Structure formats: structure tokens, C-alpha cells
Amino acid sequence: MLKTHTCGELRPEHHGAAVKLAGWVHRRRDQGGLIFIDLRDRWGITQVVINQETHPDAHKIASDARNEYVLQVSGNVRNRPEGTANPELETGDIEVVGQEIVLLNPSLTPPFYINKEDRIEEVRRMEYRYLDLRRPRMQSNIVLRHRIVKFVRDYLDAKGFVEIETPILFKTTPEGAREFLVPSRYHVGKFYALAQSPQQFKQLLMVSGYERYFQFARCFRDEDLRGERQPEFTQLDLEMSFIEREDMLQLIEGLVIAMVESVTDRKLLFKPFKRLTFTEAMETYGSDKPDLRYGLEAHDISEIAGKSAFAAFQSNVAEGKPVKVICVPGGAKVSGTLLRKQTGDLETLVRSVGAKGLGWMALPENEAEEVKGPIGKYFTVDQKLAVMEQVGAKPGDLLLFLSDKRAVVYAAVDILRRTLAEQMNLTDPTILAFAWVIDFPLVEWNEEQNRWQPSHHLFTAPMWEDLPRLESDPGSVRGQQYDLVCNGYEAAGGSIRIHKTELQERILKLIGQNLEHARKLFGHLLEAFQYGVPPHGGIAWGLDRIVMLCAGEPNIREVIPFPKTQTGADLMVSAPSFATPQQLEEVHIAIVPDEDEPPES
RNA sequence: GGGGGUGUGGUGUAGCGGCCUAACAUAUUGCCCUGUCAAGGCAAAGACCGCGGGUUCGAAUCCCGUCAUCCCCGCCA
């Protein structure tokens, strides 16, 4: 080994020890006859001091060294002289007296700072990802990811789970995301699809009797990207036999709590996790993945508003459209001008999601003053008091009124909550607000295609007590689906599966899948299910999102070593790239250039 | 497919019609310096302002297009 210790472990008790350290020059402070080098490795930073008089050879190398040079330092540990300790550094009480220094490798001047937490242009970071990953922040993210994966593996192993790999080269699946196609060399004109998820395989493993399976599965979806979505991402995929919904919720909840508490310093807001039905989530937060770190709930005041003198509310309520209010605590404690600007901005915001307007009332701090805002005059004093009581508003609060089609109100509530929370600084990244959302509708109506479609996937079991309504009133049937949400993100989702062929065929019929067609696409699954399927269910975590939340990062690229840009490019290796004519010929592919702009070769 | 933001020495920013022959910090190079820790001091070098076109007497600055990237909507069972 070129090192006897890491750069993060030496302490006063090592005083006098002869050590060898190796790492990168984090920073160098050259005082002429005395040079200080902060030597960095994955574990930390240790100060090396080199004296020209006592060690001229070492001093020469230290003098020529620059940031990111790779050095090996031999010397003795000593307590720093009185008054020169650095409390910022874990190793700040000691230093290593550099006696011999070996230049293991020099470095070009890096394109950006490794030793500073400056915000760097994303493009530059991606081009030099290997340097970006050298930054302490990224290293701690990647190590955290490792710890999470390790914890999950150990935890599930202890619970009797078996880690099993499934193919990545799969076949096109019905429904679902757009897939990446891989041409087959042997089978002319045929393609594999990269697996969107191991869904079918994990259910087949239940048929195979493994009972408890998990895997960290790479999944591929050729859809447009977001900060929380990459074309390839990792799921913690898990499936279990002989369970009911509650068993899965308990298992995952226990795992997540233990994991967060043992590998992160994040605080769990709910323990046990909060549970919301899909309807509650939508009605109160306008979202099926609400951020529960803050309130700003929507309250349904349709009953009061319907009796107000405001014509729009009257007619909306008569048509069954809700009137909802969000109370912004202290929101009225600003000047009239500012209030009008703020509410104007919020109105623009809700218009962007289809709302026709935003009503508001600013409740005066002083009882004697009038309520400000455009709709106050349509409410009687008693009606105002009733609204205040229902939403729990206090003097000085701002009330925001929304009324529209349900879907529009939901979208508006969601965007208002997110925006207000951001403005009011209510999104503390050190808090994790995990909650279960359950009782999703099994199917939803697709306007365009004029048919029912599964809201999760077509193997999701209906709630058994809702089964009688499957054909007569499909929209009212709840699925045995569960989503784990956290801080406004969907962190995991899964369901209890259908294990009876008859039921599966009823579902297929409901969503308008021709049985013959369905058999072609996943006949293997239907057939397998005739050989003794245990009742089973599973869940899949968005591992990248969970790590992101645990690391307090704003997007998943920060916890993925080599991520892609929004257009799916890898700027470091320049992927994707053109294939050679020979490669294309082998897989029987001809490129048809775009009419307007033929690609460069 | 649509909407929005950004693009200026290596890096991070300023400049937003003429004071720009482009400023500041830091990094880089050289010299000085034995207790620094974002070390300090002195000096030097470094950008035709993403790319293409236009408007103008004059464009980093305004307009159009284009490319890259980020955020959002659609999309993502």
C-alpha cells in the first residue's frame, strides 16, 4: 500500500507516529521556507507541513506541486503548535511533517474548482464528470448511495429475501412508456426492448416459488426527461408472496425508517408514516404526491360560497364544481401594492394550469379594518366568519379562492402550494415527510381513446370488496395500489397483483384489450398463472429519488455517477453517436435521413 | 410537441446601444515571504462576449434564426 492511513483518520493520539499518506493536493499555502499542503483523499483532508531547512528535497516537490497533483507523503504525525489548530477540519488538531514526498502524478489545471463548492455550469460538470465526482459533495452523495443500497440489501436478506437478476434485453410490452429498441442480429427485422422494469419477471419469480425477491434493477424509458427522471434509472424492485397490502406497507415502512435513521441525519416528520387516500390527497393538496412538510391545505367551502352573492361561485357550485380556499398565514401583512402584485402573480400562475381566475381576501390584522380583495364584498360578515372558522384563518392571513372543474382546481392547488411554500421557505430539505397514498382508482377514463385504462398497471388487483362493481361502475373501483410519497415526489409505488386468471381476463376485457392480442403480448404470464400462482404483491422504489431526498439534493443527477442531459446525451463520452455502415448492415438497419436536415456523418 | 431561463478570459460573475481598446474575483505564470488554513504582497499573461444573419453611423447589449444546457407543461402503466 502506498498509504498507511487515510487523510481523514489521524488524531492527537497518533502523535509521533510515522505515517504515509497519499492523495490529491486540495490546497497549497506557500510561505516561502514553509509550505502547507492540504492533502485530500476520499476520507478527508490532512495538513502536511514542509520545512525547507529540514527537508529541502520534499520542499522542492511541494513547491512545484499544484492543485490536484497526486502525492505520497511520508512523515511523522504531530500535534499542531499552540493556537494553530483548525476546528473546521476533523484532523485539525494534528499535522504531518512532510519528510519525503513522491510526486505520483502531476495534473493539468482543472477546468473548474475541486476545492470550492461553487455552482458550476452543468455542461462543464457533465463534460468532466470524473472531476465533478472528485468534489467532496459528490463523493459524499455517491457514498451515501452505497450505504443506502448496502443497508437495504442487508435488511432484506435478514427478512428472507433473495436477490435475483432479470434480463435487461426484453420484449416490447403493451401500454407503458416508450421503449429503447435494440435490433437483433440473428432475427432479421426483430427487436428487443430494454426493460422498462422487471415487472413481468418478478411476478414469474413468484410463480417459481421464491416468495421473497428483490433486485436493484436498471430500468429504461425513452420518455422526455425532468430533474427527477433519467432515461436509465435504478429501481429497488421487490415482490412477495402470500401477503396482503398491510404486510407490504409494514415491511417497507420499517425498512425506510431504519434506513433513514441509520445512514442519514434527516429527520422523519411522520413515524409511523402518514396515510392518505387518493381522494384525500387530491381534495386537500391537489396532488397524488403532496409535499407534507407544510400545511397550506385546500379547504372545500362550496357550501358557504354557494350561498354568497358571487355569481361565479353560485353557478359553479350548482354545477357541482367545488370552491376551495387556501389560507396563507400572515399573507395579508404586506402593503396594499405588494399584495396586489403578489396575488396578481399567483393568478397568472393558476391561469397557466387552466384556472379562469384567483379570488382573494386579505384579512386585516386590526378587527376594525375592512377585508381587502375583490371578492370580499360578495360575502356577508357571517359568511366571512364561517369561512375563517372552517379554514382556521386568523387576522393578518390571506385567503385564496379557487373554483373550477375539479381537475383544474387540483392543478391550481398543487402549483399554488408548491410556489407559496418555496416563497415562504417552508421546504426544509433536512426533513423527510414520508406518507402512503392508498385507495387509488383502479382504472381511469381515457378521453382520447374512449376507453378505461389502468391507473397503475393491468396486473393490479382491485379492492376485493369493490369487485362486484367492476363491470357496472368501473370508475368507483379502488385498486390495491400504494404509493410512498415524500416531499412532493413519488418515492415508491406498487400493488397487490391479480393472481386469478379469470379476474385478469375481466380486467383485460374492461380496458378493451382483445384477449387474443393480450395473449400474444404476455401469454407467457397468463399461461404461467395456470400453474399455481400464490397471491402476491410488490413495490418498486425510485432509488435515485430516495437517495436524492436523503442527500437533500434538488435533482437525481446529483446522486447518479454518470447521468445524461435532458436530451439523453452523455456529454463526457459523447453518446449517442453514429454507427458505422458495417454495424448497421449487420443488424439490417437502414437510416432514413430527415427530409429537411440530413444528419452529418 | 409547447412555454420559460441561461450562454462574456480556465472558472464564477459584472456590463444590457457609443464611456468596451470588455470590468471584478479567483485560478494560471513569475518574484517575495517560516505557522498558514478561501494565506498574504508585487507583477504578468489570458475573452473578437455560443454560432449565423439582420437592424443601426455604431451591437456583448436590440431583432430573427440556430445550437447547447437547465426548469416546467404534455408524456412518463
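No hydrogens, no waters, no symmetry mates; every other heavy atom, side chains included, goes into these values. Numbered from 1 within each chain, the chains take letters A, B, ... in sequence-line order. Everything numeric here is computed off the predicted structure, so don't read it as measured data.
- Nucleic acid contact class of Glu121(A) (heavy atoms, under 4.0 Å, all strands): sugar-phosphate only.
- A salt bridge is defined here as a Lys NZ or Arg NE, NH1 or NH2 lying under 4.0 Å from an Asp or Glu carboxylate O, and Asp38(A) with Arg40(A) fails to meet this definition.
- The nearest whole Å value for the distance from the CD atom in Glu127(A) to the C1' atom in G50(B) is 12 Å.
- Counting non-hydrogen atoms of other residues, nucleotides and ligands closer than 6.0 Å to NZ of Lys405(A) gives a total of 12 or fewer.
- The separation between Lys564(A) atom NZ and A68(B) atom P is 17 Å, rounded to whole Å.
- At a cut-off of 3.5 angstrom, the base of G35(B) holds at least one donor-acceptor pair with the side chain of Glu95(A).
- When the C1' atom of U26(B) is taken as reference, atom CD1 of Ile120(A) falls 13 Å away, rounded to whole Å.
- To the nearest angstrom, C1' of U13(B) lies 18 Å from CZ of Phe112(A).
- When the side-chain nitrogen and oxygen atoms of Arg29(A) are compared with OP1 and OP2 of U36(B), none of them lie within a distance under 4.0 Å.
- Atom OH of Tyr489(A) and atom P of C76(B) are 20 Å apart (whole Å).
- Residue-level contact check: Pro111(A) touches the backbone only, with heavy atoms under 4.0 Å from sugar-phosphate atoms and none from bases.
- A27(B) atom P lies 20 Å from atom OH of Tyr128(A), rounded to whole Å.
- Applying the 3.5 Å distance criterion, the base of U36(B) shares a donor-acceptor pair with the side chain of Arg80(A).
- Taking side-chain N and O atoms only, Arg124(A) has no distance below 4.0 Å to OP1 or OP2 of G10(B).
- Spacing between atom CD of Glu223(A) and atom P of C75(B) amounts to 10 Å, rounded to whole angstrom units.
- Ala85(A) comes within 4.0 angstrom of a nucleotide base, judged by non-hydrogen atoms across all strands.
- OP1 or OP2 of C71(B) has at least one side-chain nitrogen or oxygen of Gln566(A) nearer than 4.0 Å.
- One can place NZ of Lys116(A) at 9 Å from P of A39(B), the figure rounded to the nearest angstrom.
- Although no hydrogens or angles enter the test, the distance criterion places a donor-acceptor pair under 3.5 Å between the side chain of Lys202(A) and the main chain of Leu238(A).
- Residue-level contact check: Gln453(A) touches neither bases nor backbone, having no heavy atom under 4.0 Å from any strand.
- At a cut-off of 3.5 Å, with distance as the only test, no side-chain donor of Asp428(A) or Tyr294(A) sits close to an acceptor on the other residue.
- Of the residues near RNA chain B, Asn67(A) and Asn51(A), the one whose nearest nucleotide (by heavy atom distance) lies more toward the 5' end is Asn67(A).
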